[in-house]
Amino acid sequence: MKRMTTIALSTVLLTSSTLALAGQQDWKDESLDAWIDGKAETTLLLNTNLNSFDIDTEVEDGVVTLTGDVNSGIEKALAGELVTGLEGVKSVDNDLNILNEDADADIDDKALSALTDTKITTVVKTRLLMADDVSAMDIEVTTTDNVVLLAGNVDTEAEHDLAMNLARNTDDVASVIDKLEVIQ
């Protein structure tokens, strides 16, 4: 009888431990999704070419779903590209509704290049804002033909190096021009 009680108690403890670990993983997954959602919302908000108040984001298991209205296919593509470039995003379901289908008739290489440059600028600025050790508000980011220009002031050489590497390691960046000044 004592052996049966020990086996039953062991089974209950093992089951409880397994359920507790599964619950912890669910909590971590939900927290990661919330973090990704916050980054997506911030990225869309920082982009001046989009009305982020008309775009809703929802994240489940790292998959971001975009819904709402945009004025053109370029805006739809821009929103999708901005979110796709974020760390932790597995994929994007771009379900945005285009209000003005006729506006897309004349998309050319210049427009696509401008779209890519805008995406790069927004992603770099977002990465700088998310980095705890960078004074992102003191750094100006501009992009032309996939070349990023960082200008402004930083407090230390380490902050300078971090900002430069965050920009260099962003998708689609060809090179980074350094106009940052270390103010000690």
Check your understanding: Can you tell if the side chain of L66 reaches within under 4.5 Å of the side chain of V92, non-hydrogen atoms only?
Key -> yes
Exercise for review: Over all heavy atoms of both residues, which pair between A167 and V148 is shortest? Give the atoms and the distance, please.
Suggested key: CB-CG1, 4.4 Å
Exercise for review: Output the distance between atom CG (D95) and atom CD1 (I55), rounded to the nearest 0.5 Å.
Suggested key: 12.5 Å
Exercise for review: Check whether any side-chain heavy atom of L86 sits under 4.5 Å from a side-chain heavy atom of V89, and report yes or no.
Suggested key: yes
Check your understanding: Mind checking whether V182 and L162 sit in one hydrophobic cluster, side chains of I, L, V, M, F, W, Y counted as touching below 4.5 Å?
Key -> yes
Study note, to complete from the structure: Those residues at least two apart in sequence (or on a different chain) that pass side-chain hydrogen bond (donor to acceptor under 3.5 Å, both in side chains) with D178 are H160
Check your understanding: With a 4.5 Å limit on heavy-atom distance, are the side chains of K119 and V123 in contact?
Key -> yes
Point to revise | Closest non-hydrogen atom pair, L115 against A77 | key: CD2-CB, 4.2 Å
Check your understanding: For K125, which residues count as a salt bridge (charged side-chain N to carboxylate O under 4.0 Å, His left out) partner, sequence neighbours excluded?
Key -> none
Review point. Do L150 and V124 touch side chain to side chain, with heavy atoms closer than 4.5 Å?
Key: yes
Point to revise | Apart from V147 itself, residues in the same hydrophobic cluster as defined by side-chain heavy atoms under 4.5 Å | key: L149, I177
Revision key, fill the gap. Interatomic distance, NZ@K76 vs CG@L96, rounded to 0.5 Å, equals 6.5 Å
Exercise for review: Nearest 0.5 Å please: distance from the CG atom of D172 over to the OG1 atom of T170.
Suggested key: 9.5 Å
Exercise for review: Please examine the side chains of L180 and M164, heavy atoms only from C-beta on, and report whether any two atoms are closer than 4.5 Å.
Suggested key: yes
Point to revise | Any donor-acceptor pair under 3.5 Å from D33 side chain to G62 backbone | key: yes
Exercise for review: State, yes or no, whether a side-chain contact exists between V63 and D93 at a heavy-atom distance under 4.5 Å.
Suggested key: yes
**Study point:** Pairs flagged by salt bridge (Lys or Arg N to Asp or Glu O under 4.0 Å) wherever residues 50-60 is involved - sequence neighbours left out
**Key:** none
If you look only at distance, which donor and acceptor atoms sit under 3.5 Å apart when one is on a side chain in residues 130-145 and the other is two or more places apart or in another chain?
unit_1: S135; atom_1: OG; unit_2: E159; atom_2: OE2; d: 2.9
unit_1: T143; atom_1: OG1; unit_2: T121; atom_2: OG1; d: 2.7

Listed pairs under 3.5 Å, donor-acceptor, residues 36-50 side chains, sequence neighbours left out:
unit_1: D37; atom_1: OD1; unit_2: T57; atom_2: OG1; d: 2.4
unit_1: K39; atom_1: NZ; unit_2: E87; atom_2: O; d: 2.8
unit_1: E41; atom_1: OE2; unit_2: T57; atom_2: OG1; d: 2.6
unit_1: T42; atom_1: OG1; unit_2: G38; atom_2: O; d: 2.8
unit_1: T43; atom_1: OG1; unit_2: K39; atom_2: O; d: 2.8
unit_1: T43; atom_1: OG1; unit_2: T126; atom_2: OG1; d: 3.4
unit_1: N47; atom_1: OD1; unit_2: N49; atom_2: N; d: 2.7
unit_1: N47; atom_1: ND2; unit_2: T122; atom_2: OG1; d: 2.9
unit_1: N49; atom_1: ND2; unit_2: T118; atom_2: OG1; d: 3.4

Review point. Under the side chain to side chain contact (heavy atoms under 4.5 Å, CB included) criterion, do V154 and T156 qualify, and how do the steps go?
Key: CA-CA 6 Å; V154 293; T156 65; over 6 Å; no
Exercise for review: Starting at CD1 of I183, measure out to CG of D155 and round the result to the nearest 0.5 Å.
Suggested key: 8.5 Å
Exercise for review: Is it possible for you to say whether L128 and L82 belong to one hydrophobic cluster, with membership spreading through side-chain heavy-atom contacts below 4.5 Å?
Suggested key: no
Review point. Got a second to check how far L99's CG is from N71's CG, nearest 0.5 Å?
Key: 5.5 Å
